[in-house]
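Below is the structure I would like to discuss, written out as structure tokens.
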Amino acid sequence: MEAMSTSVPIGTALTAGTAGTAGTAGTAGTAGAVGYAAVAAQILVVVAGAPLLTGWMRQVRARLEGRAGAGVLQPWRDTRKLLRKESITPVGTGPAFRAAPALLVATTVVAAALVPLLSTDTPVSSHADLIVVVALIALGTFALALAGLDTGTAFGGMGASREMTIAALVEPTILLSVFALSIPAGTTNIPAIVSGAAHEPARLASPAGLLAAAALAVAVIAETGRIPVDNPSTHLELTMIHEAMTLEYAGPDLALVELGAQMRLTLLLGLLSSLFAPWAIATSGSWAALAIALVAFAAKVCVLAAVLAAAEVLWAKVRLFRVPELLAGSFLLALLAVAASYFLNGAGS
Amino acid sequence: MNATLVLTAPAAVPLLVAAAYAAAGTGRRRLTGSAGLVSALVILACGALLAVSAAASAPGAPIRAYAGLLRGDALTAWMLLVVGAVALIACGATPAYLAGERAAGRATDRTVWRYHVLVHAFLAAMCLAVVTGNLGVLWVAVEATTIVTAFLVGHRRTRTSVEAAWKYVVICSAGIALAFLGTVLIYYAARQAGIAEAWALDWPTLVAHADRLDPAVTRLGITLIVLGFGTKAGLVPLHAWLPDAHSQAPAPVSALMSGVLLSVAFAAILRYRVIADAALGTGFTRTLLAGIALLTLALAAGLLLAQRDYKRMLAYSSMEHMSLTALAAAIGTPLALTAALLHIAGHGLAKSVAFCASGRVLHLTGTARIGRVRGLLARTPVSAGMLGCAVVALLGFPPFSLFASELALARAGFLAGGPLAWATAVALLLVLTALAALAARTSRMLLGPTPVPARIPVPARMPAPPGASEDSEGSEASEGSEGSALWPLAVGLAACTALGIWLGPLAGVLHAAAQTIGGH
Amino acid sequence: MSAIPVALATATGLGGAGALAALVVPHRARVPLVGALTAGVGAAGAAVGVTALTGTHWSAEFPNVLPLGGTYLAVDALAGWFMTIAGAVVTAVAVYGVGYAAGRPARRPAPECRAPGPGVPGPGVRGLGSRGAQAVLPLFALSLLLVPVAASVSTFLALWEAMALGSLLLVLADHRERPAVRRAGVWYAVMTHLGLVLLLTGFALFAADAGGETFAALRAGAHTLSPGVRGLVFVLVALAFTSKAGAVPLHTWLPRAYPEAPDPVSALMSATMVNLGVYGLVRTGFDLLGGGTAWWWLGVLALGGLSAVYGVLQAAMASDLKRLVAYSSSENMGLVLIGVGASGLFAAHGDRPQAALALAAALLHVVNHSAFKALLFCAAGSVVRATGLRDLDRLGGLRARMPWTAGLFALGALGAVALPPGNGFVSEWLLLQSLIHGLRVPGVAVAVVLPLSVALVALSAGIAAAAFVKALGVGFFARPRDERAAAAREAPPLMLVGAGLLAVGVVALAVAPGLFADGLGRAVSAATGPTGGGAPRGGGELGVRLADVSARMSPLWVVAALTAATLLAAGLPRLLARRRRRRVHARLWDCGGGAPTPRMAYTATSFAEPLQRVFDDVLAPEQDVDITPVRESAYLVDRVRFQRSVPDRIEHRLYEPVLRGLDRAGRAARRLANGSVHLYLGYGFAGLVVLLLALTTGW
Amino acid sequence: MTGGGAYPQLLDLACGAFLLAAVVVLWRRELTAMVRLFAFQGVALAAVAVLLGAHERRWDLVGVGLGVGALRAGVLPYVIRRTPTATVTATGSVTATATVTATGSVTATATGSVTATPTVTAAGSDASGGDDGRHRAREVGEAREVGEAREVHKAREVQEDREARPLVNVAASLLTAALLTLLAYAVARPLTELNPTPATRALPVGLAVVLIGFFVLVTRRRAPAQLVGFLLLDNGITAIAFLATSGVPLIVELGVSFDVLLAVLVLQTLTTRVRAAFGTTDIDDLRELHD
């Protein structure tokens with residue numbers, strides 16, 4: 001069953017840290033210029049595409065709700081406007097407050113570089129560990145929560161508190177999903193998982209794959225702060241979570257925070273699509289494959305986003321203290337996924 | 001080396017010192033307290049000489065005097081060393097204690113005179129019990145300790161001390177009478193086994209011919225002896241005198257009683273155990289001693305739990321340690337017996353330090369109630385530190401020797417296997433309970449901020465203004481005058497530590513002593 | 001070969017000299033001198049450890065030292081691993097301790113603040129700087145280093161108890177400042193002795209059946225034990241060791257002792273002493289008992305998982321800074337135990353390479369935990385020393401007044417939350433890898449336990465993030481909530497240097513864990529034996545080979561990428577912005593109600609409230625609402641008092657009944673000594689009659 | 001006396017008297033009677049020893065027997081019987097008491113009733129006899145504080161030589177004694193079997209006296225009564241020593257006797273001290289030391 005059977009001493013796994021620097025090619029080998037281009041494209045498509053995706057979702061929602069909508073480009077316009085404004089530092093905030101937006105964006109960018117959104121054959125694919133990606137995303141949450149507390153206002157603390165609670169509860173689901181996904185692949189390396197799934201589509205249709213997909217979908221919703229966990233468009237203190245943390249941001253900082261949130265959404269939807277719909281992702285270093293992958297990526301993510309937007313129209317936000325129930329459900333799904341993957345896919349193989 | 005002299009001196013010299021005190025009277029020519037050190041030093045010296053000879057010669061060749069009436073083997077040497085060391089601590093702490101009693105108006109020239117006479121007579125009786133080879137004389141000596149100490153326990157003539165003395169004498173006399181009955185029965189068995197009258201109470205003879213003793217009679221005799229000497233050793237069922245007497249006796253006497261009287265009595269049991277094991281096999285004494293040890297331990301632990309008086313607390317801790325020694329004797333392997341002897345020494349040293357220090361605490365605070373003593377370490381860092389160290393030693397922490405002996409005891413217990421392993425496990429749990437109680441109570445006394453000077457003000461110390469720095473240096477300096485009173489305690493703790501790390505030349509005599517009573 | 005004994009002798013000599021110096025040297029010179037000597041002890045110990053990690057073995061015996069037992073010493077790579085950690089931490093903390101105990105605190109709290117009360121600790125300066133505490137400190141450091149060297153039951157237990165005693169005395173150093181210290185000390189003494197009883201029972205049973213008490217004899221005789229005895233030995237020993245490691249259910253000493261100990265002592269205890277619990281477990285379970293059956297390790301795993309989640313939940317609830325950090329030790333040791341348990345489980349199923357990987361993860365987490373935990377306690381200690389406060393609800397705003405300390409704490413917190421680029425992430429990643437890939441080990445138990453373990457690790461990591469966001473965000477960020485916090489001043493340089501040394505270690509572990517791989521490999525193979533037996537590439541330098549695991553993680557790469565991306569993200573908007581302006585300061589959003597005061601800020605308690613509600617059933621908080629109506633009408637409320645506490649539930653349920661029972665027993669036992677001579681003599685009479693009856697009935 | 005047939009019967013007679021004395025001690029409550037019985041038992045003991053010595057023609061044993069008899073029938077009863085007040089004067093601590101004694105108890109009671117109410121209560125309750133010991137102790141404690149204690153003590157002397165309220169009633173004690181004797185017979189069987197002679201056949205008697213003595217020691221409230229119990233115990237042991245082995249070696253016997261004498265003296269002195277401190281020799285009042 002194992003896709004890879006190379007024997008790696010743990011010492012090597014650790015020493016890779018000293019030897020491997022950003023530029024060195026990993027084990028995947030053949031990545032040339034196309035590989036670098038793929039990484040750049042991944043980053044670019046996430047950074048540039050994120051506002052568009054948000055715009056697209058808003059547009060879908062607007063249409064479903066019978067409104068005209070502001071257009072797909074509106075988030076871009078907002079971002080541009082905010083970036084041009086002056087930087088404002090609220091009194092009494094410190095370095096954490098100022099550094100958090102950049103860190104949020106940075107974690108997402110690094111994650112975007114790692115996740116095989118377009119290609120599994122990139123210079124960094126050997127570093128693309130699923131746990132690292134999850135942790136990077138959590139790091140962004142961590143930074144933002146600290147920033148929320150740094151303001152010293154009730155809103156900031158409230159948002160941070162709620163956000164960290166949800167983040168803590170999401171964590172088991174995500175890692176169990178990772179576990180479920182890594183069982184057939186024998187690794188937590190995302191490119192390996194993705195290419196394995198692409199070569200063997202039966203994995204995805206298995207109960208394990210479906211359960212893991214469902215679990216991860218809930219986790220993604222929670223991580224990105226979408227309905228029913230959080231409502232990104234509310235500023236009502238009783239309900240807001242993410243927005244409460246970022247209430248004090250203005251100008252370019254706010255632009256970064258919003259961009260970061262949009263990028264996370266894009267990235268996570270992309271990750272979902274890569275994991276569960278790995279078709280058309282470039283597995284070799286050809287320009288054509290990369291182009292196809294780009295188009296396919298856009299299509300997959302747009303479909304997912306549309307589904308999400310549609311769901312948001314139909315659902316209501318649940319109460320904060322009902323969220324754990326939702327997450328417990330997703331945890332159960334993930335656990336079932338692991339069990340299914342172990343018992344159905346040949347125990348002890 | 002003159003065997004007679006070495007064997008006679010430990011009992012005779014303290015007796016002479018007692019006589020000298022008695023003769024000197026209470027007048028101007030009275031002897032100072034430090035003259036008491038002579039007894040202790042002589043006992044120590046004789047113990048050392050005996051140890052040298054015991055280590056040099058084979059275990060079977062002890063020295064004798066007066067036709068075997070006095071007899072010195074390695075066990076004698078070890079016990080003499082313990083008695084001497086504890087006596088040194090107690091006698092060293094005596095002058096300061098008596099000065100404190102005088103200052104508190106509880107002692108007069110006459111009581112001091114009587115105190116000295118009786119203490120040295122007490123030492124003489126204990127030494128006699130240790131050096132004699134005749135079991136009858138052993139009994140006489142142990143009974144003599146009761147008589148001599150009766151007035152030491154009741155020296156204060158208050159209601160409580162008279163009560164303690166009465167209980168002490170009545171219970172101990174009854175118990176020791178049982179031991180005499182046991183002795184008589186052993187004598188009977190020996191005579192019937194064909195041992196001549198002159199040798200029928202001679203320990204080595206009995207050991208040599210133990211297999212000829214009638215088992216049924218010996219069993220009855222040994223039971224009575226364990227009950228009887230167990231009384232003096234603080235073992236159930238006739239243990240109840242112990243906390244009362246220890247709490248009412250003067251601190252140095254408590255130290256002597258707890259530190260060595262108990263173990264001298266227990267050494268008698270150890271000697272009889274050899275005979276019993278040879279006559280009856282190991283099962284009988286093993287069951288008897290283990291049962292008594294566990295009951296004593298449970299009782300001590302239970303009564304420590306809700307203890308309110310710190311001298312009684314120390315007394316129950318003595319019971320706890322004696323029961324451990326008894327358990328070691330029940331196990332009876334060479335390792336266990338060595339552990340028992342080391343435990344006797346370690347407990348003697350630590351407990352005497354604890355009692356002497358508690359005497360200082362009593363002088364300082366004027367109460368023996370645990371609940372009324374607070375912040376001792378802040379008030380008198382050195383004295384309280386000594387008490388704390390002694391209690392830590394009693395709790396069985398390294399580097400004190402009690403740790404080594406308890407460790408060896410546990411190992412030996414589990415090595416023995418079967419019911420003894422269970423007994424050891426139960427004992428360890430009970431020791432834990434006792435530790436919890438002791439630790440909680442001692443810490444309550446020692447730790448915490450300096451209390452507001454209550455009834456008895458600490459001399460030369462003004463209550464510090466709030467917030468002002470109150471460095472421990474200051475209080476340490478104010479205690480400088482205590483230094484002379486504290487050296488015995490420091491010596492005791494140092495000895496206990498040294499025994500816990502390295503036995504040095506004592507290793508030989510300790511192992512030889514264990515071999516002496518190891519029998520098989 | 002001769003380096004180890006020389007260094008050991010040096011450490012011992014320095015330790016003794018330190019104790020002696022503390023007793024004789026006057027106050028002014030005492031603290032620096034003792035600190036220097038203690039640092040020397042640590043350095044020498046670390047030297048021994050490093051030498052051992054290069055593959056050198058050494059052993060010696062001194063049969064006459066320690067009566068009736070003898071002293072047997074041996075150093076191998078496993079011992080070396082723990083000695084290195086302990087030595088390094090001791091060195092750094094000794095430097096920190098000099099700054100801590102020397103001189104006066106930056107600001108002495110007002111007298112009324114010194115009034116005894118749990119939340120208002122005084123400065124620990126008098127305690128740790130005193131003669132007694134200074135004398136114990138080097139000896140305690142020495143015992144920490146020597147415990148792994150012990151090679152016989154007696155030696156081990158003696159050093160183990162010496163360490164316990166040393167830590168106990170140091171915990172009590174501040175007893176004059178706070179009454180809670182005494183209670184903590186008693187708890188600690190009892191719990192540690194309970195551990196000793198368990199250890200003693202276990203080891204003595206083991207030694208009795210194995211026919212010798214040196215570790216060599218135990219190792220040789222382990223296979224002669226019956227499975228039942230082996231299991232019993234393991235259970236007893238494991239309970240004791242996990243107690244020392246701060247794992248539930250015998251953890252109660254930990255959250256009491258750590259907060260009350262002087263801060264350098266907390267650092268030493270949490271960063272080195274708890275490790276020795278893990279050391280003991282690994283040494284006994286793997287080395288001496290030679291593995292064992294699956295249920296042993298399932299038990300360890302369960303304890304680990306429980307500790308991890310329970311510990312971190314309590315940490316998240318704590319509003320006392322040091323208590324929070326202390327409970328985090330419980331959590332991290334739980335993670336380590338998960339690793340150890342998984343390793344044993346794999347080994348029991350015969351998969352040695354997998355076992356080695358899990359053990360490597362556990363050991364790596366041990367060192368990571370030591371580094372960041374010592375750093376956290378040092379930083380927390382600086383805060384406590386500067387403000388006299390431990391209550392997070394009163395702290396705040398320290399990043400402006402104590403920037404270095406805040407930075408150091410942040411670094412430690414980053415390690416503790418197991419997020420990249422912190423050092424904790426490296427080992428947790430390895431741990432997760434070992435668990436995830438452990439599923440190929442056959443067995444239904446494995447299949448059930450591993451996913452749950454992964455979930456528990458994840459949950460604990462998530463809650464740890466919340467806990468440390470709270471500690472950092474509430475304690476150091478925002479604005480001061482108390483005047484003492486507002487008047488804090490930066491810690492003295494020596495304290496910063498000491499903590500800085502630890503920070504260097506944290507960073508090194510975070511970016512270049514590969515530096516430690518060689519030693520780790522040797523330590524692991526010292527524990528599990530030559531692991532390469534079944535693996536294709538056995539006999540290599542590491543001795544550990546893993547098939548099928550192709551996951552990789554390069555911390556350095558992650559750090560570099562993150563740094564670059566952050567710089568880009570921070571810089572690009574500036575370039576993009578058309579008009580470059582200086583930052584403008586503005587008031588906080590106040591809902592139009594005037595400037596928000598520090599009292600409006602979210603407190604630690606309120607921060608933890610959602611989590612507490614989620615885990616209501618586990619934590620069982622106690623609430624007390626007290627409404628006082630106005631006298632005239634029952635409907636008009638005059639005063640509302642609301643009180644909530646989150647007690648340690650295990651303590652509530654497990655310990656209090658025992659304590660109550662003991663108390664009752666004690667009271668009942670008093671009746672046995674009611675003063676009546678008749679009763680006393682009656683005991684004797686009854687005893688005599690019973691024994692005589694027993695004799696006549698043929699016993 | 002030396003006749004082969006008469007010897008066992010005489011021995012049995014002496015032993016019977018020996019046991020009888022112990023049982024009667026259980027029965028009688030008056031201290032003087034107890035002491036008298038104890039003396040009688042001493043004589044019986046001496047008779048046993050002398051009989052044994054004569055039988056075995058060991059004149060040293062006869063001498064020892066006579067000495068033991070002198071001690072137990074003469075010296076010890078004398079010591080016990082000596083009025084406690086005299087002892088008090090002798091030790092010189094409570095001289096005041098002695099002077100009051102001369103005036104007699106009636107005077108003392110009168111003084112008490114005039115001076116302070118607590119004294120009256122205490123004295124009154126004493127006269128009625130047999131109220132709760134603890135209660136009395138408390139009263140006495142108060143009286144002492146008033147400074148009138150010694151008078152009260154004197155008033156109580158009327159009651160001092162009786163066991164006012166037995167801890168175990170007479171019937172029960174006698175029954176117990178019977179059971180103890182049975183136990184003694186059972187326990188002593190191996191002793192007799194080891195060397196069946198007329199002497200050893202009487203061993204159970206000695207053992208029974210030991211047990212009865214212990215029982216007396218346990219159950220008697222008055223200090224002198226306890227002392228008698230202890231001496232009974234000791235007599236029993238000595239009897240066993242004679243019967244089983246014709247006495248222990250002389251040096252031991254001397255030591256033992258000396259010790260016993262000293263013990264009795266100590267207990268006697270302590271009795272007076274108890275009386276001085278507590279105003280009674282009721283041991284039940286000695287309950288201040290407890291946990």
Side-chain angles (χ1 to χ4, degrees), chain B residues 167 170-171 174-175 178 219-220 223 227 236-238 240-241 243 299 302-303 305-306 335 338-339 342 377-378 385 392 397-399 401 403-405 407-408 410-411 413-415 417 421 425 428-429 432-433 435-436 439-440 443-444 447-449 466-467 471-473 499-503 507, chain C residues 27 64-69 108 110-111 114 116 126 130-132 153-154 157-159 161-162 164-165 172 175-177 179 181-182 185-186 189-190 193-194 197 200-201 204-205 207-208 213 662-663 665-670 672-673 675 677 679-681 683-684 686-688 691-692 695 699:
Chain B
K167 288 177 179 171
V170 163
I171 296 176
L178 295 181
R219 195 176 292 139
L220 186 57
T223 309
L227 274 185
V236 289
L238 284 164
W241 61 274
L299 189 93
L303 283 164
L305 275 178
L335 179 63
T338 321
L342 186 62
L377 265 177
V392 163
F397 279 101
S401 75
F403 174 78
S405 48
L407 185 63
R411 275 171 47 212
F414 285 106
L415 203 56
L428 285 177
L429 275 182
L432 175 68
T433 317
L435 173 134
S443 67
R444 193 170 295 164
L447 306 180
D471 210 332
S472 55
E473 311 294 313
L499 284 184
I501 294 173
W502 188 59
L503 284 174
Chain C
H27 177 72
N64 288 325
V65 179
L66 188 67
L68 311 187
R108 193 170 262 279
R114 290 181 57 200
R126 177 166 60 182
S130 73
R131 185 172 292 172
V153 170
S154 296
L157 290 178
L159 288 167
E161 268 309 87
L165 179 63
L172 291 174
H175 68 96
R176 285 160 79 172
E177 325 293 335
V181 171
R182 184 183 70 74
V186 172
V190 174
H193 207 80
L194 173 62
V197 166
L200 189 52
T201 313
L205 268 176
E213 66 131 20
L662 280 179
D663 195 41
R667 277 169 208 286
R670 269 189 200 160
L672 292 175
V677 190
L679 183 70
Y680 294 171
L681 285 166
Y683 293 149
L688 176 67
L691 280 175
L692 290 182
L695 281 180
W699 163 44

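In what follows, chains carry the letters A, B, and so on, assigned in the order in which the sequence lines appear, proteins first and then strands, with residues in each chain numbered from 1.
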Counting only non-hydrogen atoms closer than 4.5 Å, does Leu662(C) touch chain B with its backbone (N, CA, C, O), its side chain (CB onward), both, or neither?
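Its backbone and side chain both get close to chain B.
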
Heavy-atom contact with chain C under 4.5 Å, split by part of Val236(B)
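For Val236(B), neither part sits under 4.5 Å from chain C.
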
Chain B interface, residue from Leu194(C), Leu165(C), Val677(C) that has the most non-hydrogen pairs under 4.5 Å
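Heavy-atom pairs under 4.5 Å are most numerous for Leu165(C).
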
Residues in ring-ring contact (aromatic ring centres under 6.0 Å, His included) with His193(C), at least two apart?
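For His193(C), the residues satisfying ring-ring contact (aromatic ring centres under 6.0 Å, His included) (neighbours in sequence not counted) are Phe397(B).
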
Checking Leu66(C) against chain B: side chain, backbone, both or neither under 4.5 Å from a heavy atom?
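Both parts, heavy atoms under 4.5 Å.
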
Of all of Leu415(B), Leu447(B), Thr433(B), which one pairs up most often with chain C through heavy atoms under 4.5 Å apart?
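Most heavy-atom pairs within the cutoff with chain C belong to Leu447(B).
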
Once rounded to the nearest 0.5 Å, what's the spacing between atom CG of Leu691(C) and atom CG of Leu178(B)?
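Here the rounded value is 10.5 Å.
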
Under a 4.5 Å cutoff for heavy-atom pairs, which residue among Ala158(C), Ala673(C), Ala668(C), Ala164(C) has the most contacts with chain B?
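Of the candidates given, the most pairs with chain B belong to Ala158(C).
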
Pick whichever of Leu435(B), Leu428(B), Leu499(B), Leu299(B) has the most heavy-atom pairs under 4.5 Å with chain C.
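That would be Leu435(B).
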
Shortest non-hydrogen contact from Leu305(B) toward Gly666(C)
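Minimum heavy-atom separation between Leu305(B) and Gly666(C): CB-CA, 3.6 Å.
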
Atom pair CZ/OG1 of Phe414(B) and Thr201(C) - distance to nearest 0.5 Å
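Spacing of CZ (Phe414(B)) from OG1 (Thr201(C)) equals 4.0 Å.
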
Euclidean distance, Leu220(B) CG relative to Leu692(C) CG, rounded to 0.5 Å:
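Between Leu692(C) CG and Leu220(B) CG, I get 6.5 Å after rounding to 0.5 Å.
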
Whether Arg411(B) side chain and Leu68(C) backbone form a donor-acceptor pair below 3.5 Å
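The answer is yes, because a donor-acceptor pair under 3.5 Å joins these two groups.
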
Please classify the contact between Val190(C) and chain B as side chain, backbone, both or neither, with a heavy-atom cut-off of under 4.5 Å.
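For Val190(C), backbone and side chain are both near chain B.
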
I need the Leu407(B) CG to Glu213(C) CD distance, nearest 0.5 Å.
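The CG atom of Leu407(B) sits 7.0 Å away from the CD atom of Glu213(C).
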
Select one option (side chain, backbone, both, neither) describing which atoms of Leu679(C) are under 4.5 Å from chain B's heavy atoms.
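Looking at Leu679(C), nothing touches chain B.
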
Looking at Gly175(B), Pro399(B), Ala240(B), which has the largest count of heavy-atom pairs under 4.5 Å with chain C?
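Of the candidates given, the most pairs with chain C belong to Ala240(B).
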
Does any non-hydrogen side-chain atom of Ile171(B) lie less than 4.5 Å from one of Leu681(C)?
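Yes - at least one pair of side-chain heavy atoms lies under 4.5 Å apart.
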
